[in-house]
> 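Attaching a single structure in structure tokens format; questions to follow.
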Amino acid sequence: MTHTNARLRAALAAATEDQLVYDLAGIEGQYASLQRELPGVSVRFAMKACPVDEVLAALAEQGAGFDAASPSEIEQAIATGVPVERIHYGNTIKSDRNIAAAYRLGIRDFATDSLPDVTAIAAHAPGARVFCRLATSGAGALWGLSRKFGCSAEDAVLVLEAARAAGLTPSGLSVHVGSQQMTAEAWRDTFDQLADVLVELGRRGLRLNHVNLGGGLPALGYLDRRGLPLDPPLEKIFTAIREGMQRLEAVAGPGLGFLIEPGRYLVADHGAIRAHVYRLSAREQLSGERQHWLYLSCGKFNGLYEMDQLQYRLVFPSHAGADTEYVPAVVAGPTCDSDDAYAHEDNLMPVPRAAESGDPVWILSCGAYATSYMTEGFNGFSPVPYTLIPGEGPDR
Ligand SMILES: *Cc1c(COP(=O)(O)O)cnc(C)c1O
């Protein structure tokens with residue numbers, strides 16, 4: 001069972017009710033391997049990927065800080081006990097009131113990408129440090145994030161100069177290569193952009209102290225929309241990042257620090273849902289074709305929101321024998337919404353022909369963006385409750 005360890009499998013096997021299991025030891029191990037890959041880079045976990053108190057506390061104990069996107073996330077981050085200097089306000093979108101609330105909570109580092117936002121930060125968080133987000137193309141990512149955030153290289157220079165003029169400290173640049181970025185080229189292109197802007201800023205006497213590499217590091221265990229393993233080239237990606245950082249250090253001179261804001265990379269493969277089969281049925285479609293449909297207790301609105309771009313590996317533990325007969329089926333969640341189906345109905349997954357109502361199903365690699373995207377009760381289907389496999393605590 002690729003990318004899902006024995007500990008997590010044992011917890012799924014022991015579960016008798018639907019639940020989302022997070023493996024804290026696995027998340028801690030993932031954090032440690034990120035530190036080995038990118039030594040010296042400070043981690044700011046993107047909270048929206050897993051806003052679960054115990055997960056946040058485990059990461060804080062390992063030394064992570066947080067990328068928060070609202071005053072409520074900032075409060076949740078502070079509650080882990082992490083020093084407030086390790087939390088930044090990474091959302092370029094914020095109201096005057098949000099900025100003032102964050103400042104009162106002790107936040108001094110703010111992302112920005114526009115002049116009106118800089119003016120607001122200067123008014124409501126006087127003297128704060130700002131880092132400017134550059135837009136990236138998002139090419140090569142499952143979710144590009146390319147239009148809503150970030151500005152051009154030219155505007156970044158104007159934004160940081162305006163920050164300086166307004167009494168703020170222009171402190172960094174940030175990017176996001178797109179979520180579940182599948183290519184090393186996207187990282188190389190992004191480092192090209194960063195290098196160009198650093199050179200231009202240097203020419204204008206603006207020396208920044210950090211570059212924030214954002215999110216986008218991929219999870220390993222997903223299937224694509226056709227049901228094939230995504231298999232991101234993780235080693236190539238890390239190599240591109242290490243080379244890119246060296247290049248930026250050469251451009252900017254000594255003293256440039258790096259942050260990274262992984263979300264799904266730290267948690268996706270260390271969470272899994274124990275769900276159950278509602279029904280395996282076969283219906284003649286309007287096309288005249290007879291098609292099997294597997295309906296599960298869990299779907300787009302209670303844990304599997306990202307099924308727009310990917311599919312999750314399924315395990316049917318009560319049909320694990322070598323002689324199991326499979327039928328190709330569309331996999332779908334329980335609601336009366338036609339989007340609540342894997343890959344929008346154009347793909348079939350192998351499903352045990354004998355699957356029956358109540359059979360357990362394990363849905364792997366859904367530790368990221370599961371809790372944050374659950375509805376309160378679409379069609380009366382409640383959020384799936386979570387349970388935790390304990391971690392090892394502080395890494396000493
Ligand atoms: C969501 C987000 C991240 C995390 O993205 P992943 O693709 O999950 O790694 C990082 N930084 C910012 C600003 C984000 O909005």
Side-chain angles (χ1 to χ4, degrees), residues 22 27 30-31 33-34 37-38 41-52 55-56 59 64-70 72-74 76-77 86-94 98 102 107 109-114 117 130-151 156 172-183 186-187 190 194 210-222 230 232 234 237-238 241 258-271 305-306 308-310 365-373:
Y22 291 108
I27 292 169
Q30 189 75 5
Y31 178 83
S33 70
L34 179 60
E37 294 288 356
L38 303 177
V41 176
S42 302
V43 174
R44 299 286 179 263
F45 178 60
M47 295 176 67
K48 71 179 185 294
C50 192
V52 170
V55 170
L56 301 179
L59 286 169
F66 297 103
D67 167 41
S70 65
S72 309
E73 276 196 351
I74 292 164
Q76 194 184 7
R86 271 200 255 149
I87 307 168
H88 64 233
Y89 201 142
N91 194 347
T92 54
I93 303 159
K94 40 201 168 332
N98 292 154
I107 299 298
D109 294 276
F110 292 80
T112 191
D113 62 1
S114 72
D117 188 58
V130 293
F131 54 98
C132 184
R133 179 153 166 184
L134 293 177
T136 62
S137 78
L142 262 63
W143 295 272
L145 314 175
S146 56
R147 293 179 54 228
K148 189 171 174 183
F149 313 98
C151 61
L173 288 173
S174 72
V175 288
H176 193 307
V177 294
S179 201
Q180 187 73 16
Q181 173 55 252
M182 295 296 296
T183 71
W187 282 99
T190 298
L194 285 164
H210 77 278
V211 168
N212 175 345
L213 301 172
L217 288 176
L220 298 179
Y222 299 141
L230 268 173
L234 195 58
I237 287 171
F238 279 129
I241 294 174
F258 291 93
L259 306 180
I260 195 161
E261 300 171 335
R264 69 175 69 250
Y265 172 80
L266 287 179
V267 293
D269 293 324
H270 301 284
Y305 184 81
E306 295 194 312
D308 60 326
Q309 292 296 338
L310 54 82
S365 296
C366 50
Y369 298 109
T371 47
S372 39
Y373 278 136

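Start at 1 and go down the list; that is how both ligands and their atoms are numbered. This is a predicted model, so every value here is computed, not measured.
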> How about F258: does its CZ atom have over 12 heavy atoms from other parts shown lying under 6.0 Å from it?
yes
> Grab the two heavy atoms, one from G367 and one from Y22, that are nearest each other, plus how far apart they are.
O-CE2, 3.4 Å
> Going by side-chain hydrogen bond (donor to acceptor under 3.5 Å, both in side chains), N212 matches just one of H176, E261, R133. Which one?
E261
> Any cation-pi pair here, K94 with F110, using under 6.0 Å and within 45°?
no
> Checking side chain to side chain donor-acceptor pair (under 3.5 Å) for the pair Q181/T183: CA distance, chi angles, key distance, verdict?
CA-CA 6 Å; Q181 173 55 252; T183 71; 2.9 Å; yes
> Compile the donor-acceptor pairs under 3.5 Å between side chains in residues 139-150 and protein atoms, sequence neighbours left out, one pair per line.
residue : atom : partner : partner atom : Å
W143    : NE1  : D308    : OD2          : 3.4

> Considering only heavy atoms, which protein residues lie less than 4.0 Å from any atom of ligand 1?
A46, K48, D67, G90, R133, H176, S179, G215, G216, E261, P262, G263, R264, Y369
